[in-house]
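Throughout, protein chains are lettered first and strands after them, A, B, ... in sequence-line order, and every chain is numbered starting at 1.
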Amino acid sequence: MNQKEWPLWEVFIRSKQGLDHKHVGSLHAADAEMAVQNARDVYTRRMEGVSIWVVESKHIHASNPDEAASFFEPANDKVYRHPTFYEVPAEIKNM
Amino acid sequence: MMHNTENTHHLQEPHFNTPLQDYAPEVRQLVLDYTLQLADTSFILGHRLSEWCGHGPILEQDLAISNIALDLIGETRSLYQYAAELEGKGRTEDDLAYLRDAVEYKNPLLVEQPNGDFADTILRQFIFDTFHYFFLQQLQHSSDLRLAAIAAKSLKEASYHIKWSSEWVIRLGDGTEESKRRMEKAVDNLWPFSGEFFQITETEKRLLEQGIIPDYAPIKQQWDEHVTKVFDEATLTVPQNVWMQKGGKEGRHTEHLGYVLAELQYLQRAYPGLEW
């Protein structure tokens, strides 16, 4: 408890049974338990959620924006990776 | 969509439609007095907590305290509405909140004590939340159906409050040298106000005989157990043989209540009936 600043946490909320947890924002807390309580107080005041995940921000490893070209652009000209060349039978509604 | 949800949530009239029970006039008066006592308690503490709004130590706790304040004000409204119905003289929840004098307020002295520092606020909350939580657990089985319904609704909120303030007592008590020193000072300041919840008034005695309110003795035992457990974890000492203040539940208040009411009631007193 010697740190003056509490670490940063990322908050994920699931809005309904069966849906995914979605990133909603971040907050400061001294530990995981306080982070969940703070998330409840900050992000679920308007009935947004039924479940909360928190993870300390330092544990999230992100892709490097400088590498965006080599990471993502090669996918641009590979339309054949999209399953758009199949005939969908008329009986199938929600695709 | 989001802000609409919130607006309707707060403006929504509480849905307690239980019809008034058929009480003899003197019993009805007792239930009315007691309902006002419960309402005053939540009202004054809710107001005290609202004073933190915008001044919390960090944003997350500022919101946490404001949430608890709103929970208590919500409970307050249900209770004042019930009191207004019981009284049956055309007064509204607002009249009861804004147009009564300090001697008519029956809240225990603890809840009118000033916010002090964060440790004082946390300890005041912890003392109250622990009582409130175990008390509501019993009150939800009251033979008075409206009080039982209000208690059952508030219990969900109180379950979170006791968790929140217990956590903070432990963090501050077992935290840094300074936080511990401040918690110990808060215990010295506020402990004499912790006993009044369990000191039974004449009104309470008669309601207990009627089986309308729960016996405080088992609640006191649960309160002692929880406080001891949390204080142990917080490396704080439970004070022994402290002389307990009382009087609030009979309308004898500390000087602080007058200031609270002055701020709360100013607008309605200066401009009666004003709406905005």
Side-chain angles (χ1 to χ4, degrees), chain A residues 1-65 72 92-95, chain B residues 1-12 49 52-53 56-74 118 122 125-126 129 156-157 159-183 230 233-235:
Chain A
M1 287 293 276
N2 284 327
Q3 293 162 283
K4 284 258 190 272
E5 291 283 319
W6 290 341
L8 192 66
W9 299 74
E10 301 301 323
V11 181
F12 301 82
I13 305 273
R14 188 173 73 197
S15 58
K16 274 191 213 157
Q17 292 296 349
L19 294 182
D20 296 335
H21 285 75
K22 286 218 164 47
H23 184 242
V24 294
S26 54
L27 49 73
H28 289 94
D31 58 29
E33 189 159 356
M34 194 200 279
V36 172
Q37 286 192 6
N38 286 353
R40 180 262 191 199
D41 283 324
V42 177
Y43 291 112
T44 67
R45 306 175 73 224
R46 302 177 182 87
M47 302 179 284
E48 292 95 336
V50 296
S51 169
I52 296 171
W53 286 352
V54 293
V55 60
E56 226 184 307
S57 307
K58 71 178 183 193
H59 294 307
I60 293 188
H61 301 273
S63 60
N64 183 347
F72 305 116
I92 308 245
K93 297 280 188 258
N94 301 310
M95 280 288 279
Chain B
M1 281 307 281
M2 290 262 177
H3 59 267
N4 282 341
T5 316
E6 180 174 58
N7 285 345
T8 49
H9 180 66
H10 285 301
L11 295 176
Q12 196 178 18
L49 289 176
W52 272 104
C53 187
I58 57 166
L59 176 136
E60 289 83 349
Q61 293 309 319
D62 196 294
L63 276 170
I65 294 172
S66 301
N67 286 348
I68 295 172
L70 282 171
D71 287 346
L72 291 174
I73 298 297
F118 193 59
I122 290 296
Q125 198 60 33
F126 174 67
D129 288 344
K156 291 191 193 116
E157 297 162 345
S159 309
Y160 183 73
H161 303 166
I162 188 176
K163 191 174 149 80
W164 179 83
S165 53
S166 301
E167 275 276 313
W168 271 107
V169 169
I170 294 167
R171 277 178 199 290
L172 295 176
D174 190 22
T176 64
E177 246 174 65
E178 183 179 1
S179 71
K180 188 183 178 71
R181 180 179 60 73
R182 286 178 182 242
M183 268 324 275
V230 170
E233 217 177 315
T235 68

Asks: Taking salt bridge (charged side-chain N to carboxylate O under 4.0 Å, His left out) as the cut-off, I'd like each qualifying pair that reaches into residues 24-41 of chain A, sequence neighbours left out, listed once.
Replies: A:D31-B:R171
Asks: How long is the straight-line distance from CD of A:Q37 back to CD of B:Q61, given to the nearest 0.5 Å?
Replies: 8.0 Å
Asks: Any chance CD of A:E56 has more than 12 other-residue heavy atoms, nucleotides or ligands included, within less than 6.0 Å?
Replies: yes
Asks: Which residues pass the ring pair (Phe, Tyr, Trp, His ring centres under 6.0 Å) test with B:F118, not counting sequence neighbours?
Replies: B:W52, B:W168
Asks: For B:L63, check side chain to side chain contact (heavy atoms under 4.5 Å, CB included) against everything at least two apart and list the hits.
Replies: A:V42, A:R45, B:L59
Asks: Using only non-hydrogen atoms and a strict under-4.5 angstrom cutoff, which residues of residues 14-22 of chain A touch chain B?
Replies: none
Asks: Donor-acceptor pair, distance only, cut-off 3.5 Å: does the side chain of B:E60 make one with the backbone of A:H28?
Replies: yes
